[in-house]
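Shown next, in structure tokens, is the structure this report addresses.
First the proteins, then the strands, lettered A, B, ... as listed; each starts at 1.
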Amino acid sequence: MEIRFFHLADIHIGKCYSTHCLSHDHAESRRNETWGTFARICGKAKEEAVDFILIAGDLFDSHYCSLQDLLGVSEMFASLSPTPVYMIAGNHDPLGEKSVYHWVKWPKNVTLFSSQQFEKIELEEKKLNIWGKSWNLKEDHESCKLPGITSDTKNLLLHHGDLDQEGSLYANLSSQTLQEQVFDYVALGHIHRPKIFKNFTGAYAGSPEPLDFGEFGEHGYMDVRITDSDTEIEFVSESSRKFVALQIEVAATDSVLTLASKIRSQTKDLQPDQDFFKITVEGYWEGQFELAASQLMALLQPEFYDLAILDKTKPDLNVERLEQVYGDSAIGRYIRTIQSSDLEETVQKEALYVGLEALLKGKNR
Amino acid sequence: MRITRLDMQSFGKFHQDHWDFSPGFNCVFGSNEAGKSTMQGFLQGMFYGFYNPYTKTRRYTPAYDRFRPWDHQEYRGSVHYETDGDAYRLSRNFIKGDESVSVVRLSDGEEITNQFPYNGTYRTIVPGDALFQMSGLMFQNTVYIQQRLVKPEDDFASEVRDNFVSIAEDFSEDVSVKNAVTHLQDQLEKVGSPSRQKTSALGKLVAELSNLEDERLELLRSHAQMRDWFVMRRKLEETNRELDLYFQQLEVEEEYCKRVILEKDFSELEETKERIRLLEIDHAKVDGYRDFDDSESEEIMELESQLRYLKDRMRGENSQEEEDQEWVRWPLLPGLISLITVLLFYFLAFPIGIYVGLGSFVGSILLFAWVNIKQRKSVDPNDDEGHSILSVADRREYERMLARLYAHCQKANCSQLQEYKKKITGKARLVEVERDLAHLDEVFEVQWKEKNGNLLEMELRRLPVIPAEWRVQSAAEVAEECKKNRQQRKENELEIEWLKGMIASKEEDRSLARVEEELGVLREKADRLHLKRKGLLAAIEGLEQIAGEVQEQFSPELTSNMGETLSFLTNGKYREVRIGRDFEIRLVEGELERVVPVDEVSAATIELVYFALRLSIHSLSGDAKTPLFLDEPFSQFDRERHVQSLRLLAEYAKRKQVIFFTSQEYELDLMHELNMSPHLIQL
């Protein structure tokens, strides 16, 4: 007998995107895309008549999600009926008294594990136990203790938290314990990048859509089949867009146009018209890079779906040389005055550069 | 060090051009656009390259492109120079990517490039640093003395005074702390301040941020409130579910109460039915008397009465009834008197009378009771005792009447009067029962109608049976509970609806995520502007601080040198230059040593002061033998000052190589007049 299910996690419906992540305009459409991908996966689950769907926590970003989000998910789950959905709450949507999970009445095919200790749901016809527990707070300092299981039925574990992170604030689980316990599948959530483990039968599903530039690579869900002899885990890529972070080094001879060419060259085999790009520009730039960055954006924006340019350049000003050359002159004294001041480092740098720029303004640079 | 030859193989407008220079005074003559600036640029480029001296990376100054030949692919040249008794050739290729610098000692052809220090930023040697003992910045600002472009509106005196520090310290009139401060203040004005919310960039941003922060806080409050409402709604819904269950229980109890009432009504009907049933039993018992003819019963009772009378009369006794009546009447009278006596004495408070009255009253009651116990003797025609005392006449009458009585009895099929009387009673009873039955039937019909007997029966079949353990409650109590329950549920439902409405209204609020995203964008912008503002403020403060710093001792050597130079240039009119604490320049005039502020001297004299300053700087800086380049420095001078200045230069040229650029023929004439014998280079 084969048991087939989809394992998802970390959908984060309603998530807020910080400015280093997406342009403000695309944040709302990104939330809709997350919704769309989630709905698509659920639709597939019904079409392919899987036995059930597992959601390993953080379905919602409860600080930001709306009642409409909750109602939408509830309706969607209802439309999946009779396919059951088993889910747990994570650290971003904990199941306390004021939890968003209480805002709607969940349809009958949805089971939300509501205890903070592992509880078991028995699927007798499939000879399968599903173990799960939900978060009720935003942090869980205690390492997780697994339930005792017997081998006369199959056992799945649904858990949201860290793995092998001693001292973690997020319900740390030990992979060694998982190896000892021998679950037929461990459905994990919390880490947004998908990973299938080799030392035990389980995986982090990862978020179906990447949520920031740290989450590069493919995203989707796990398609799991358990037979009497084996468990097959297949990662299915499903995300509609990727986050791509690149670095560009500015050369002394670079202008805005050459920089733009460099960026185009680095992205020509990628999908700038589809994905989110963050280009970090490093190196020395003569004067303030701000204006150049605006010009760069103006040049490149039409070719990119979403482009952010992060300025990590440093002003090309040889302060040491200037101090050496100008010694006791105004420039030298200014440098020493600013460097010996008790200004914050960033303010000191800013003051140094704007002051020197102003002093050198009349010179032939 | 002196320059002996310039080879401009491909530089600017020059191609394969060369010029030789003499050790002393050299005059490069050419009209405007002849190439004087190009030659100056060539020298700068050859010794220092066209690199931006302020940057950490190798960047080219605009001069690089300015002097790049347009129609030649080469960009190079060489300079021959002499120093310390040896001749050298410095060659440079300026082409980017193919740059090279080399220095060759001409005496033995040895390349000595490696003897020059390598500059890691430029990635090449900078021969000028070693040869002139100064940087390219200094070289430009000290070795070249250019024509001052004095605009009519310029306050030259102030300009010289204001730039004096810069000139003296930085050897450059371009560095002006005051101008730098002004520039920064302009920038600060554009950035603005947080308090200027309507007019400044930062102010507007801060105001917008503040509004968004308020909106965010409001949304957070709103969200928190919404969560509380959800909790309340949930609790109310839970309460209502419990109330629903309780209400269902109450409904059952209502049924029980209803049943109790209905059962009571039903039992009333049942009671009537039972009475009817009992009557019907009685009826059945006496129905046999229906056909009994009791038409002669009066006559028979009369006969019986007469027979009894006769019997009594014959006994010489009054009828038992009269005796009984006598006995009854007699005790009652004293009893009544006694009672009145008791009452009288009671109200008049005579205790003895009370006792007497009471005794009499009680006695009469007892007597009355005894009399009543005494039975009236029945009069039976067969009574022997009566028969024996009857007179003959009476006896005959008695027997005749008795016979008639018996005949009546037999007619009625009764063997005895008793039987006849029994049948009479039975018939009477039948009438009574039938009357009662009819009455009860009517009563039952009315009751059935009133209590809706059919419905009652149906309801009793429908209603649940009351369990034994049910605590009896009144219907009123249950109804009251039901009412309270309904009321509570309704109130809860109203509140739930209100909460739903309030929650729904919150859905119209802007999304918190969007607000925070907008806030993020604005905060970044604001942070950048705040940093910029802080930097500008700190820079302005720093500049004002250094501008305010007092030079305790301002290069006395420079002022002394200036004084000597100025004295020569002004034929001794101004012998000394003094710099005050406020950087005011004062000139000491004549033998009287009158101190004159520089503002009060003529523009021409100020020009001389400026020239003296630049010349003094040159003579004091760098290598003692650094050539001096002058580019039309005396164009504003009158003839007298012009002559003096040229004389000064002629003297100067005895010690250092002077290369003088001019486009004025009359200047050449002046030089010849002064027998300067310049080495002329015609462009």
Distance, nearest 0.5 Å, that separates [atom1] of [X] from [atom2] of [Y]:
| X | Y | atom1 | atom2 | value |
| --- | --- | --- | --- | --- |
| A:Leu359 | B:Leu184 | CG | CG | 7.5 Å |
| A:Glu286 | B:Thr55 | CD | OG1 | 6.0 Å |
| A:Glu344 | B:Leu531 | CD | CG | 8.5 Å |
| B:Met226 | A:Ser66 | CE | OG | 7.5 Å |
| A:Arg31 | B:Ser511 | CZ | OG | 5.0 Å |
| B:Gln545 | A:Ile338 | CD | CD1 | 8.0 Å |

**Asked** Are the side chain of B:Glu507 and the backbone N or O of A:Leu67 linked by a donor-acceptor pair below 3.5 Å?
**Response** yes
**Request:** Look at the side chain of B:Glu517 and the backbone N and O of A:Tyr17, then say whether any donor-acceptor pair between them is shorter than 3.5 Å.
**Result:** yes
**Message:** Quick check for you: among A:Gly355, A:Ser341, A:Ala252, which has the greatest number of heavy-atom pairs under 4.5 Å with chain B?
**Reply:** A:Ala252
**Prompt:** For chain B, which of A:Tyr64, A:Trp103, A:Tyr353 has the most heavy-atom pairs under 4.5 Å?
**Reply:** A:Trp103
Give, as side chain, backbone, both or neither, the part of [X] having an atom under 4.5 angstrom from any heavy atom of chain A.
| X | answer |
| --- | --- |
| B:Thr182 | neither |
| B:Asn119 | side chain |
| B:Lys96 | neither |
| B:Leu220 | side chain |
| B:Arg233 | side chain |
| B:Lys235 | side chain |
| B:Ile503 | side chain |
| B:Arg234 | side chain |

**Message:** Please check if the number of heavy atoms outside B:Lys506 that lie under 6.0 Å from its NZ is greater than 12.
**Reply:** yes
**Prompt:** Does a sphere of radius 6.0 Å around CD in A:Gln295 hold more than 12 heavy atoms from other residues, nucleotides or ligands, not counting ones at 6.0 Å or beyond?
**Reply:** yes
Shortest non-hydrogen contact from [X] to [Y]?
| X | Y | answer |
| --- | --- | --- |
| B:Asp228 | A:Lys98 | OD1-NZ, 2.6 Å |
| B:Arg227 | A:Val100 | NH1-CG1, 3.7 Å |
| B:Ala538 | A:Val347 | CB-CG1, 4.5 Å |
| B:Ala513 | A:Cys16 | O-SG, 3.6 Å |

**Residues that A:Lys312 engages under salt bridge (charged side-chain N to carboxylate O under 4.0 Å, His left out), provided they are two or more places apart** = none
**Item:** Residues in salt bridge (charged side-chain N to carboxylate O under 4.0 Å, His left out) contact with B:Glu189, at least two apart in sequence or another chain
**Value:** B:Arg196
**Message:** If I measure from the heavy atoms of chain B, does A:Glu320 come under 4.5 Å with its side chain, its backbone, both, or neither?
**Reply:** side chain
**Prompt:** What part of A:Arg336 lies closer than 4.5 angstrom to a heavy atom of chain B: side chain, backbone, both or neither?
**Reply:** neither
**Prompt:** Under the criterion side-chain hydrogen bond (donor to acceptor under 3.5 Å, both in side chains), which of B:Arg59, B:Arg58, B:Lys56 is the partner of A:Asp316?
**Reply:** B:Arg59
**Item:** Electrostatic pair B:Lys534-A:Glu350, nearest N-O below 4.0 angstrom
**Value:** no
**Request:** Determine whether B:Arg528 and A:Glu290 make a side-chain contact, defined as any pair of heavy atoms from C-beta on separated by less than 4.5 Å.
**Result:** yes
